[in-house]
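Below: the structure, in structure tokens.
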Amino acid sequence: MARLKGKVALITGVAGGQGRAAALAFAREGAKVVGCDLKKEAAERTVQMVREAGGEMVAMAPVDLSSEAETIAWVDEAARVFGGIDILYNNASTGRVGPLMGMPNATWQFVLRNELDLVFYAAKAAWPHLVARGGGSIINTGSIIAGRGSDMPMAAHGAAKAGVIGLTRHMALEGGTLGIRANSISPGLTNNEMFEQFLRDPNDSAYKQIRTSPLGRIGQPEDVAPLAVFLASDESAYITGVDIVVDGGQSLGIGMSFGDEPVAPMFSAPEAPTPEGQKLEIKTADGTCQAWLFKPEKASGDLPGVVLLTDIMGVRPLFKRMAQRIADTGFAVLLPNLFYRSGPPRDPPLSVKKSAEFGQLLALAGTLSREGVTRDAGAWLEALGKQKGVASAAPVTCVGYCMSGPMAVWIAAAHPDRVGAVASFHGGHLVSGKEDSPHRLLRGNARYYFGCAETDAFMTAQNIEDLKQALKSAGARHEVEVYPGAYHGFAIEDASYHPPSGARHWERLLAFVKGAA
């Protein structure tokens, strides 16, 4: 078939997913494809795949489509090389999730810039070239989140994609007399490299969205590409200004479920009293932080200190039991309320497994910054050192889970005179492209233990390799252990608990803190 024979098609975001699938599909139909992406090597791989299949494609990378100047340069170069433009498929976007309340302005602007502005820039740059050809087709990528919610709070993403759909309609209005058609495609949950990681965890909330689909599965990039080809072709010559949903029916039945919940290993905690410890009120620069100090029932001499940092669900009976378990092996364990600025710990605690509460937890997590945590830690460490029966001169061990894994690294970097060791279990985002990424803050004179899940979208296999290299470069005493069969949250009984890994985590943790004392 050659429905796009002789046409020049610009496609953004061709490094993988829907962009790669579209490039292959457009080329099969005879289009000359010009792609762009931020990822050079992955974009070049798409070009190679298209050419191996007998198609014609070139790509430019890196191209930052949130920059109007870079977008114009890409579009103009494509028109110069191929003599014009017939199709613009605005596939690329880069979003961030999080609740509206507490969202930094920088995050809001980032999402609008990388999901809405880039559509405007590309369409504006391509418009005169389309007019010169006597018209053409613009295809924009919306989202079903523009008009519905999900388990993940996506206020900025939903607003940006609603803007894309609205902008598309006005493109259709203004372009009609010029022969320019404009339509949008709104996919539902569609697979990509990130979702592949999530879907390996049977506890992940992504499965809730899959169960709302009458077709009972996640979408694939190849489910979207044929529609894009149709909208680009002359077969859709009388279609403009519409948004077409491709979501397997997810939008049809709010609250309906078309499949059984996957069976996942769950932990049922035995009935046991919750130790309360000694409640402390620690003065910080931002107020009064509640914390709890746990010691062995019988202790002789001064005890080395441990600061235990919670996951996103905060201080709760589970973590108090964990603190006491560490303390009973000969330590003074301080359990601070990371979210004290928002009040005392919730009773009952909020849960990541409840959709309505997950957004609240993300909002709370959004209030924490590296600066604030390390400043608070100074007060925690000072208060711990002043407690009776605590070895004030001995180095402290920081232990973090999930979001607090990076925090433990931050604290060790900011307080090298007080923190001598860090243990992190399924810590997320320990490696990032940021200048202050935790893996760039490692100290050569500290000890580290990192227990990582085999499958973790927030700490991939490549991230783990980068962490190992950073530890070696820092000259730090360390161990990085991957827990087979485990997912993010494997050590926490009310998260994605994995019994063998949970038990192994206790063996490794207790051995580590004893070795650090």
Side-chain angles (χ1 to χ4, degrees), residues 1-2 4-5 7-67 70-71 73-75 77-82 85-95 114-115 118-119 122 126 139-141 185 187 189-200 218-229 232 246 431-433 455-466 469:
M1 300 178 69
L4 303 179
K5 184 177 181 180
K7 295 184 182 293
V8 178
L10 274 61
I11 304 176
T12 65
V14 297
Q18 292 172 198
R20 175 172 286 174
L24 288 162
F26 277 49
R28 280 196 300 269
E29 295 293 341
K32 299 175 181 178
V33 179
V34 184
C36 74
D37 206 287
L38 284 169
K39 302 174 182 177
K40 181 176 177 61
E41 291 184 4
E44 289 176 348
R45 173 58 183 150
T46 301
V47 172
Q48 180 183 359
M49 292 170 67
V50 167
R51 292 177 178 175
E52 288 174 350
E56 187 174 354
M57 179 179 178
V58 297
M60 292 174 61
V63 176
D64 181 0
L65 294 167
S66 71
S67 163
E70 290 192 34
T71 304
W74 171 62
V75 171
E77 178 64 10
R80 184 190 68 79
V81 171
F82 287 103
I85 298 171
D86 302 289
I87 302 159
L88 170 64
Y89 183 11
N90 279 310
N91 163 73
S93 66
T94 303
N114 288 279
E115 293 201 322
L118 52 69
V119 171
I139 307 159
N140 297 324
T141 301
I185 299 173
L189 189 65
T190 304
N191 201 10
N192 57 28
E193 292 180 2
M194 178 66 78
F195 279 125
E196 284 179 359
Q197 296 290 327
F198 290 137
L199 292 171
R200 291 175 184 171
I218 190 173
Q220 299 297 325
E222 292 74 18
D223 293 323
V224 180
L227 176 58
V229 168
V246 183
V431 175
S432 73
T455 300
D456 192 338
F458 306 109
M459 194 64 186
T460 64
Q462 184 59 58
N463 293 152
I464 293 172
E465 289 305 312
D466 292 343
Q469 186 56 52

**OP:** Determine yes or no for a side-chain-to-main-chain donor-acceptor pair under 3.5 angstrom, with Asn114 supplying the side chain and Gly95 the backbone.
**Re:** no

Subject >> Under 3.5 Å: donor-acceptor pair, side chain of Asp37, backbone of Ala43 >> reply: no

Subject >> Interatomic distance, Gln18 atom CD to Thr190 atom OG1 [nearest 0.5 angstrom] >> reply: 5.0 Å

Original post:
Would a distance-only check, ignoring hydrogens and angles, find a side-chain to backbone donor-acceptor pair under 3.5 Å from Trp74 to Gly35?
Top reply: yes

Subject >> Value rounded to 0.5 Å, distance of NZ in Lys5 from NZ in Lys32 >> reply: 10.5 Å

**OP:** Quick one: closest heavy-atom pair of Asp223 and Val246, and the distance?
**Re:** O-CG1, 3.8 Å

Subject >> Any donor-acceptor N/O pair, Asn91 side chain to Gly13 backbone, under 3.5 Å >> reply: yes

**OP:** Of all the heavy-atom pairs spanning Ala25 and Val229, show the shortest one and how long it is.
**Re:** CB-CG2, 3.8 Å

Original post:
Do the side chain of Arg51 and the main chain of Met57 share a donor and acceptor less than 3.5 angstrom apart?
Top reply: yes

Subject >> Listed partners of Glu222 passing salt bridge (Lys or Arg N to Asp or Glu O under 4.0 Å), at least two apart >> reply: none

Original post:
Is the backbone of Asn463 close enough, under 3.5 Å, to the side chain of Asp466 for a donor and an acceptor to pair up by distance?
Top reply: no

Original post:
Which value, rounded to the nearest 0.5 Å, describes the distance between Leu4 atom CG and Ile87 atom CD1?
Top reply: 5.0 Å

Original post:
Of all heavy-atom pairs between Ala15 and Lys39, which one has the smallest distance, and what is that distance?
Top reply: CB-CB, 4.0 Å

Subject >> Heavy-atom check, side chain of Val224 versus side chain of Ile185, under 4.5 Å >> reply: yes

Original post:
Is the closest side-chain heavy-atom distance between Val81 and Val34 below 4.5 Å?
Top reply: no

**OP:** Verify side-chain contact (heavy atoms from CB on, under 4.5 Å) between Thr141 and Asn90, making sure each step is shown before the conclusion.
**Re:** CA-CA 6 Å; Thr141 301; Asn90 279 310; 5.7 Å; no

Original post:
Residues in side-chain hydrogen bond (donor to acceptor under 3.5 Å, both in side chains) with Arg45, at least two apart?
Top reply: Gln48

**OP:** Considering non-hydrogen atoms only, spot the tightest contact between Ala27 and Val50 and give its length.
**Re:** CB-CG1, 3.5 Å

**OP:** Would you indicate whether Glu52, at its atom CD, is surrounded by more than 12 heavy atoms from other residues, nucleotides or ligands within a distance under 6.0 Å?
**Re:** yes

Subject >> Close side-chain approach of Met459 and Val431, heavy atoms under 4.5 Å >> reply: yes

Original post:
How far does CD1 of Ile85 sit from CG of Leu10, to the nearest 0.5 angstrom?
Top reply: 4.5 Å

Original post:
What residue pairs, at least two apart or across chains, pass side-chain hydrogen bond (donor to acceptor under 3.5 Å, both in side chains) with a residue in residues 54-66?
Top reply: Asp64-Ser66

**OP:** Please round to the nearest 0.5 Å and tell me the distance separating atom CD of Glu77 and atom CE of Met60.
**Re:** 6.0 Å

Original post:
Which pair of heavy atoms, one from Ile139 and one from Ala228, lies closest together, and at what distance?
Top reply: CD1-O, 3.3 Å

